[in-house]
Amino acid sequence: MPKLKTHKGARARFRVTSTGKLVRMKGHRSHLRRKKSNKVKRQFNGKIDVSPADAPRIKKLLPYGVA
């Protein structure tokens, strides 16, 4: 059985936590940042969990749980 390749786009966008959960950053973080309110910019901080519906597809793209 050959080694599976990690999808490089998924590797840049998602991380696998030590417990195996997938986390991601929010989009629209950097473009036109000056006109966004402080509340909106603050909500961009931190990572959020990936939707449970999307998690199986993303786990296939990260076969070795690249962290």
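Nothing here was measured: the structure is a model prediction, and the numbers come from that model.
Distance check: Met25 CE to Phe44 CZ gives 10.0 Å after rounding to the nearest 0.5 Å. In this structure, Phe14 CZ and Leu22 CG are separated by 7.5 Å, a value rounded to the nearest 0.5 Å. Within the model, atoms CZ of Arg29 and CG of Leu32 stand 15.0 Å from one another, a figure rounded to the nearest 0.5 Å. We find the NZ-NZ distance between Lys21 and Lys59 to be 11.0 Å, quoted to the nearest 0.5 Å. The line from CG of Leu62 to CZ of Arg11 is 9.5 Å long, rounded to the nearest 0.5 Å. Gln43 CD to Ile48 CD1: the interatomic distance, rounded to the nearest 0.5 Å, is 10.5 Å.
Proximity of a side-chain donor or acceptor of Lys36 to a complementary backbone N or O of His31 within less than 3.5 Å is detected. Side-chain atoms of Tyr64 do not come within 3.5 Å of backbone N or O of Lys5 as any donor-acceptor pair. Proximity of a side-chain donor or acceptor of Ser51 to a complementary backbone N or O of Ala53 within less than 3.5 Å is detected.
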Could you walk me through whether Arg24 and Arg13 pass the side-chain contact (heavy atoms from CB on, under 4.5 Å) check? CA-CA 6 Å; Arg24 66 175 178 88; Arg13 289 172 173 86; over 6 Å; no
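When the side chains of ILVMFWY residues are joined at heavy-atom separations under 4.5 Å, either directly or via intervening members, Val16 and Leu61 end up in two distinct hydrophobic clusters.
Within a 6.0 Å sphere centred on NZ of Lys60, heavy atoms belonging to other residues, nucleotides or ligands number 12 at most.
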